[in-house]
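Here is the structure we will look at, set down as structure tokens.
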Amino acid sequence: MKIGILGTGMVGKAHATKLIELGHEVKMGSRTANNEKASEWVKANGEKASHGTFTDAAKFGEILFNCTKGEFSIDALKMAGAENLKGKVLIEIGNALDFSKGMPPTLVPSYCNTTSLGEEIQKAFPDVKVVKTCNTTNALIQVNPGLLKGDHDIFLSGDDNDAKAKVKEILNSYGWKSPIDLGGIVTSRGVEMMMPVWLQLWGVYKNANFNYKIVTQ
Ligand SMILES: NC(=O)c1ccc[n+]([C@@H]2O[C@H](COP(=O)([O-])OP(=O)(O)OC[C@H]3O[C@@H](n4cnc5c(N)ncnc54)[C@H](OP(=O)(O)O)[C@@H]3O)[C@@H](O)[C@H]2O)c1
């Protein structure tokens, strides 16, 4: 499959690399066509890897990933162009955080409690099928759940069931056996507001290699 990854940070690189390993063609997008991190990633990942602007990646991908800084994701998606997102599945991984008062960051008020980044992206781009996932764990675990011992969980939120089924297939190919479908895109609120807990756990374990596990009766 042709996949467009919007974002050149840890998350973009982790998914782009994993998708290449799985045999997909991947274009990594950035604000600029000559982004150094994207160009290094292409050099290391062979002929199925390419890079360009957010627009180039959005045009290229049959499925798209939003791996941009959450507080600027809507800007990044506007740069990609609504016409290039139309009708496609957008796997949305962002957390909108405010680092202006140092660490730990807080949630950006316009993206929490009564809304979320996932919902705001869906509202801003009604023709794209937004599926929120993976934002509750670190980039390396997102694409390789086997890094941690035992079973642990990942969540899905989105209004379009066919889109969620496609995203589940990708997550299954990464090794996630049973992603938990929380419901519509409105449920992004909950997973985005797990971030303060994640940050506190990071302080407790002094590294990012942990995840949530849901147990039932
Ligand atoms: N790091 C993790 O393990 C982790 C885990 C879960 C969720 N997340 C979330 O996943 C997203 C990506 O995280 P990350 O750590 O990989 O990278 P990041 O540093 O949060 O984001 C990097 C990307 O954001 C773009 N960007 C930055 N400022 C922008 C602006 N003003 N306008 C448009 N685009 C802008 C950058 O564009 P250029 O390419 O042009 O520089 C780059 O592609 C974030 O929302 C983060 O909260 C991260």
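First listed ligand is number 1; within each ligand, the first listed atom is number 1. Given the structure is predicted, the values throughout are model-derived calculations rather than measurements.
- If you check each of I93, L140, T68 against atom 11 (C) of ligand 1, the one with the closest non-hydrogen atom is T68.
- Remark: D151 engages K177 in a salt bridge, criterion side-chain N to carboxylate O under 4.0 Å.
- Listed by number with element, the atoms of ligand 1 under 4.0 Å from a non-hydrogen atom of N138 are 3 (O).
- Within the listing of ligand 1, atoms 38 (P), 39 (O), 40 (O) sit less than 4.0 angstrom from a heavy atom of S30.
- Residue R31 holds the heavy atom nearest to atom 36 (C) of ligand 1 of all those in K13, R31, E71.
- Those atoms of ligand 1 that come under 4.0 Å of a heavy atom in N35, given as number and element, are 38 (P), 39 (O), 41 (O).
- Atoms of ligand 1 found under 4.0 Å from any heavy atom of G70, numbered from 1 in the order shown, are 44 (C), 45 (O).
- Ion pairing of D181 with K164 is present here, as a side-chain N (NZ or NE/NH1/NH2) and a carboxylate O approach within less than 4.0 Å.
- Per-residue contacts place M79 under 4.0 angstrom from the following atoms of ligand 1 (heavy atoms of the residue considered): 32 (N), 33 (C).
- Remark: distances from the non-hydrogen atoms of N66 to ligand 1 are all 4.0 Å or more.
- Residue T137 has at least one heavy-atom neighbour below 4.0 Å for each of these atoms of ligand 1: 5 (C), 6 (C).
- Contact atoms of ligand 1 toward G7: 43 (O) (distance under 4.0 Å to a heavy atom of the residue).
- Under a 4.0 Å N-O distance rule, the pair E192/K132 qualifies as a salt bridge.
- Between F54 and ligand 1, not a single N/O pair is under 3.5 Å apart.
- In this structure, M195 has no heavy atom closer than 4.0 Å to ligand 1.
- Remark: of the listed residues T53, L64, N84, N84 is the sole one forming a side chain to side chain contact (heavy atoms under 4.5 Å, CB included) with K59.
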